[in-house]
Amino acid sequence: MSDGRPAPSPVQVGLIGLFVTAIVTAQVTASKLLQFGLPFELPVVGGALVLPGAALAYALTFFASDCYAELYGRKAATVVVNVGFVMNFVLLALVWSTIEAPALPQTVPGQIDLAAFESVLGASTSIVVASLAAYLVSQNWDVFVFHWIRDYTDGEYLWLRNIGSTATSQLIDTVIFILVGFVLLGSTSPSDAVALIAGQYLFKLLVAVVDTPFVYAVVAAVRSRKTASATAYSRPE
């Protein structure tokens, strides 16, 4: 029996799904360090960007949250951010319950290397702790700054609030994440941590610039569809 409430649109569900999938994926891929060569030298990072594997997936979370915040408002975006926060605990519970569950002997054909399995997935614990600290601050800051810029500019300049909110929140996120996950809970030296922070932040900043046209495209597509639907329903029979 229908309760009369409209069903969420595929775009709304898709943005929530993308956000949660990306944030959980980031936690289990963060322990691998990536290196991207540059055609020139930069201060601190040198000729290559070195960053945690999480940067690839985590960059998508800000794209999803900015689209969601623009389309559905600050309160709705905050709910999505907080749901993503809780999903990190679900990830930890599932990972460690699988690690601790009884396994077939290592010698059984088809069995994976159990030590490697625990080493790779178990490493996500310190990453998740670091991510939770960074996430709670940066994602809520992202939503706050996004709407502050929107109010200040009377809803104009979507590109400014997308880049401005992401650039500041990504800086906060990167510093907290690297210091907690790789220095306090890891074995990374402060000098290497600075290079990681610089590399990851430059990558995220580049993504913020590159994804701006896609934010425009998603927002424009959804709003044009809503306008078309409203026009169709408003036509007299």
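In this text the structure is predicted, and so the values were computed from the model without any measurement.
- Note that CD1 of I16 is 11.0 Å distant from OG1 of T21, once rounded to the nearest 0.5 Å.
- No side-chain donor-acceptor contact under 3.5 Å links S119 to the backbone of A115.
- With a 4.5 Å cut-off on side-chain heavy atoms, I176 and V137 count as touching.
- Heavy atoms only, all atoms of each residue included: L42 and L38 are closest at CD1-CD1, 3.7 Å.
- Put simply, the side chain of D211 never gets that close to the backbone of F214: no donor and acceptor are under 3.5 Å apart.
- Looking at T174 and L196, their side chains never come closer than 4.5 Å, going by heavy atoms from C-beta outward.
- E118 places a side-chain heavy atom less than 4.5 Å from the side chain of W96.
- Although no hydrogens or angles enter the test, the distance criterion places a donor-acceptor pair under 3.5 Å between the side chain of R161 and the main chain of E156.
- Side-chain contact between F177 and Q200 is present, with at least one heavy-atom pair separated by less than 4.5 Å.
- Two residues are said to be in side-chain contact when any heavy atoms from C-beta on lie closer than 4.5 Å; Q27 and I23 meet this criterion.
- Separating the CG atom in L94 from the CE atom in M87 is a distance of 9.5 Å, to the nearest 0.5 Å.
- Formation of a donor-acceptor pair under 3.5 Å by the D154 side chain with backbone atoms of R150 is not found in this model.
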(request) Test I163 against Y157 for side chain to side chain contact (heavy atoms under 4.5 Å, CB included), laying out the working first. (result) CA-CA 10 Å; I163 295 176; Y157 310 115; over 6 Å; no

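- Minimum heavy-atom separation, I149 to T153: O-OG1, 2.7 Å.
- Nearest heavy atoms, Q111 versus A103: NE2-CB, 4.0 Å.
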List, one per line, each side-chain donor-acceptor pair under 3.5 Å for residues 44-64, sequence neighbours excluded.
| from | atom 1 | to | atom 2 | distance (Å) |
| --- | --- | --- | --- | --- |
| Y58 | OH | D173 | OD1 | 2.9 |
| T61 | OG1 | Y58 | O | 2.6 |
| T61 | OG1 | Q139 | NE2 | 3.1 |

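- Rounded to the nearest 0.5 angstrom, Y201 OH and L206 CG are separated by 12.0 Å.
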(message) Please determine whether side chain to side chain contact (heavy atoms under 4.5 Å, CB included) holds for the pair V143 and V81, giving the CA-CA distance in whole Å, both sets of side-chain angles, and the decisive distance to 0.1 Å.
(response) CA-CA 9 Å; V143 173; V81 167; 4.1 Å; yes

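- Minimum interatomic distance between S224 and A221 (heavy atoms only, all atoms of both residues): OG-O, 2.9 Å.
- Other residues, nucleotides and ligands place more than 12 heavy atoms under 6.0 Å from the CZ atom of F117.
- Side-chain contact check for E70 versus R223: some heavy-atom pair is nearer than 4.5 Å.
- Atom CG in L171 sits 10.5 Å away from atom OG in S138 (nearest 0.5 Å).
- Using cut-offs of 30° and 60° for the angle between ring planes, the Y72 and Y68 rings count as tilted.
- By the rule that hydrophobic residues join a cluster once side-chain heavy atoms approach within less than 4.5 Å of another member, V13 and V80 end up as members of separate clusters.
- The distance from atom OG of S165 to atom CZ of F144, rounded to the nearest 0.5 Å, is 11.5 Å.
- In this structure, the separation between CG on D66 and OG1 on T212 is 8.5 Å, given to the nearest 0.5 Å.
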(request) Dump the intermediate steps for side chain to side chain contact (heavy atoms under 4.5 Å, CB included) on V145 and S169, then the final yes or no. (result) CA-CA 8 Å; V145 172; S169 58; over 6 Å; no

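- With a 4.5 Å cut-off on side-chain heavy atoms, S65 and D142 count as touching.
- In this pair, W148 and Y152 present their aromatic rings parallel. The plane angle is below 30°, not in the 30 to 60° band.
- Of all non-hydrogen atoms in K204 and Q170, the two that sit nearest each other are CD-OE1, 2.8 Å.
- Both V86 and V95 are members of a single hydrophobic cluster when ILVMFWY side chains are connected at heavy-atom separations under 4.5 Å.
- Within the structure, every pair that satisfies the side chain to side chain donor-acceptor pair (under 3.5 Å) test and touches residues 178-198, not counting sequence neighbours, is listed here: S189-S191, S189-D192.
- F85 has its side chain out of reach of N140: every pair of non-hydrogen atoms, C-beta onward, lies at least 4.5 Å apart.
- For F36, the CZ atom sits in a packed shell: over 12 heavy atoms of surrounding residues, nucleotides or ligands are nearer than 6.0 Å.
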